[in-house]
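Here the structure comes first, spelled out in structure tokens, and everything after it is commentary.
Keep in mind that this is a model prediction, so the values were computed, not measured. Just so we're on the same page: letters track the sequence lines, and every chain starts at 1.
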Number of protein chains: 2
Amino acid sequence: MPRWPENTRARLVDAAFGMFVEQGYAGTTVEQIATRAGATSRTFFRHFRDKDEVLFADDDELLPHLVESIAGSTAGDSGGMMRAALGALADRMEPGRPRLRQRQRIIEQDVGLTGRELAKQARWQHAVVDALLERGFDRDDAEILAAIGFALFTGALHEWLEGEDDDGRSLRDHVERRFPKIADALNRPVPS
Amino acid sequence: MPRWPENTRARLVDAAFGMFVEQGYAGTTVEQIATRAGATSRTFFRHFRDKDEVLFADDDELLPHLVESIAGSTAGDSGGMMRAALGALADRMEPGRPRLRQRQRIIEQDVGLTGRELAKQARWQHAVVDALLERGFDRDDAEILAAIGFALFTGALHEWLEGEDDDGRSLRDHVERRFPKIADALNRPVPS
DNA sequence: GGAAGTGATGTCAGTTTGTGTCATGACTCT
DNA sequence: AGAGTCATGACACAAACTGACATCACTTCC
């Protein structure tokens, strides 16, 4: 059914990651990416709103799962709930470590990219707050819970990305290690 | 001693805010800003790295005060310490409400600007973590405290910005109202 | 008091990002 | 076979930046 190469988008993503790693983000041109992928810069911009978005486009797949984890949780307290939800998220991210590490290094090169990553996290956090509200928490509690959860998760994520591939420590391990430290902020009963 | 108008930078900032309010961020050109300020776009880019930065340039003045609040705090527990530091920060921001509100509305228009604002907040949060480490907290505690503090402060900030100028509720009021909600996460003794 | 800096600004040409518009040509459907 | 679809290419263009050089009021030093 495909009339065209069909994987153009994937080829563009691969080319972009490759060139960003080799030449840095600012040092590579959309034109170069497109050429390497056998396409035109015009085609690049049809697939991705801007040069940035090639790094963020496939990111939002995980969010629905996270929200659903919270909506469908059977834990009795907020701590168990966040633990289960963030653990499941960690499991889904586990196989992507090499690519995520690459991506992380690219993003750190550029203030704009860093900002966009944070904006994405903020969107996620907001979605989690909504899910918690839906679940019956009041707004202040929901916001604090989400803030703590994300602070914890991003801390764990960075530690995990800095580790070696064969260090035997999963992202889930990193996440769960941190939970006891914040136990007293996370021991509220889930509203009935 | 000034050989040139000397306030070029300030004129550029004023022109930029004015045009962003009137025509939106994306809808105004650096050329237009520069012309309105009686300058050239080349001059604009000599004062500000990008079009964005005219909105963020003067922002980091407050950070040193915040860090110093924490370094010099005499409170005995983490809650009192954060309360004093964030309260002092709120006081310093109080007079700037109209401009801050303008700025907020401009930033909300654009994903990139939102991201940059978040990146700035992250830098601040990181500086606060460092200050807490310096003060003797362990890293995990410092990160959680800073995360909670910023979540609380930005929530209060948004509420305050949405209020009327004459509603008699200071930013400090908004901040302090939120403290009791998170008491159990903020009752750790300051390490000796 | 004049010569030699100094430093913010202007001018101009060029690259890169991003968009609007139309053409192309393989593929689908009837 | 003919009509329509649709991802892509080609071209032109605006706007965001950058590098190189010129200017010219003012300072400094002799």
Review item, nucleotides 11-16 of chain D N/O atoms under 3.5 Å of protein N/O:
unit_1, atom_1, unit_2, atom_2, d
dA16(D), OP1, Lys51(B), NZ, 3.2
dA16(D), OP2, Val30(B), N, 3.4

Residues passing the side chain to side chain contact (heavy atoms under 4.5 Å, CB included) test with Ala131(B), sequence neighbours excluded, are Val67(B), Ile70(B)

inquiry  = Mind checking if Arg49(A) touches a base, just sugar-phosphate, or nothing, with heavy atoms under 4.0 Å?
reply    = sugar-phosphate

Would you call Arg99(B) and Asp14(B) a salt bridge, taking side-chain N to carboxylate O under 4.0 Å as the test?
yes

Q) If only side-chain N and O atoms of Thr43(B) are considered, is one of them under 4.0 Å from the OP1 or OP2 phosphate oxygen of dG10(C)? A) yes

| Can Glu61(B) and Arg92(B) be counted as an ion pair, charged N to O under 4.0 angstrom? | no

In whole angstroms, the gap separating P of dG18(C) from CD1 of Ile33(A) amounts to 11 Å

In whole angstroms, the gap separating C1' of dC17(D) from CD of Gln32(B) amounts to 17 Å

### Query
Do NZ/NE/NH1/NH2 and the carboxylate oxygens of Arg97(A) and Asp167(A) come within less than 4.0 Å?
yes

Here the distance between atom C1' of dC17(D) and atom CG of Asp110(A), to the nearest Å, is 14 Å

Between NE2 of His47(B) and P of dA8(C) the distance, given in whole Å, is 8 Å

Rounded to whole Å, CG of Asn7(A) lies from P of dA7(D) at a distance of 14 Å

> Any side-chain heavy-atom pair from Asp130(B) and His126(B) closer than 4.5 angstrom?
Replying inline: yes

Presence of Thr40(A) side-chain N/O under 4.0 Å of dT8(D) phosphate oxygens OP1/OP2: no

Check your understanding: Is the distance from OP1 or OP2 of dA8(C) to the nearest side-chain N or O of Thr8(B) less than 4.0 Å?
Key -> no

Step by step, work out the salt bridge (charged side-chain N to carboxylate O under 4.0 Å, His left out) result for Arg116(B) and Asp50(B). CA-CA 12 Å; Arg116(B) 191 133 168 187; Asp50(B) 358 272; 2.4 Å; yes

Rounded to whole Å, CZ of Arg46(A) lies from P of dT17(C) at a distance of 17 Å

